[in-house]
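Values below: every heavy atom of this structure, side chains too, minus hydrogens, waters and symmetry copies.
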Amino acid sequence: MSFECIQNEKIEDTGFNYTMSLIQGKYKMFILYTLTGFGVVRFNEMKKYIGSISYKTLSSTLKELEADGLVHREEYPQIPPKVEYSLTERGKSLIPILDQMCTWGEQNR
């Protein structure tokens, strides 16, 4: 069995760090969980469901998730404006991880 010296390692170079950079933040996992459960969700519906999030925070968090390729934003050219959010295939690939976290939380709370 070989052991590596921690002095030669950097957590920034790990897959764990990359995954955490995508889902880290107070509301990102709430948004992903909401889209998992409800599929396609409009902005105001998500705001009502999450509750404690401000409009500005929800907007900026959705933009970050969209930039990371986890959330798809569909804008419809109508009045009043209609915008819907859904998970991308990449976002859906995170769902088994979220499910495991939910299971762990139910078993250990």
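- Transitive grouping of hydrophobic side chains (ILVMFWY, heavy atoms separated by less than 4.5 Å) brings F16 and L32 into a common cluster.
- Within the 4.5 Å cutoff, the side chain of M46 has heavy atoms near those of the I31 side chain.
- Atom OG of S60 is separated from atom CD1 of I53 by 7.5 Å, given to the nearest 0.5 angstrom.
- Counting heavy atoms from C-beta outward, L65 and L22 have side chains that stay 4.5 Å or more apart.
- Applying the salt bridge (charged side-chain N to carboxylate O under 4.0 Å, His left out) test to E106 and every residue at least two apart in sequence or in another chain returns R109.
- Listed for the S59 side chain is no donor-acceptor partner under 3.5 Å among the backbone atoms of K56.
- Evaluation of the side-chain hydrogen bond (donor to acceptor under 3.5 Å, both in side chains) test over residues 17-27, restricted to residues two or more places apart or in two chains, returns Y18-R90, Y27-S52.
- Residue pairs that meet the side-chain hydrogen bond (donor to acceptor under 3.5 Å, both in side chains) test with at least one member in residues 32-45, sequence neighbours left out, do not exist here.
- Pairing each heavy atom of T88 with each of G69, the nearest pair is OG1-O, 2.5 Å.
- Other residues, nucleotides and ligands place no more than 12 heavy atoms under 6.0 Å from the CE atom of M101.
- Here the shortest heavy-atom pairing between I23 and K28 reads O-CB, 3.6 Å.
- Distance CD1/I97 to CE/M29: 10.0 Å, rounded to 0.5 Å.
- By the neighbour-count criterion of 12 heavy atoms within 6.0 Å, atom NZ of K63 is sparsely surrounded, having that number or fewer from other residues, nucleotides or ligands.
- Put simply, the side chain of L62 does not reach to within 4.5 Å of the side chain of R73, judged on heavy atoms.
- Listed by chain and number, the residues in a salt bridge (charged side-chain N to carboxylate O under 4.0 Å, His left out) with E74 amount to none (sequence neighbours excluded).
- Listed by first and then second residue, the ring-ring contact (aromatic ring centres under 6.0 Å, His included) pairs that reach into residues 40-99 are F38-Y49, sequence neighbours excluded.
- Atoms CD and OG1, from E12 and T14 in turn, are 8.0 Å apart once rounded to the nearest 0.5 Å.
- Under the rule for a side chain to side chain contact (heavy atoms under 4.5 Å, CB included), the partners of D99 that lie at least two apart in sequence or sit in another chain are I95.
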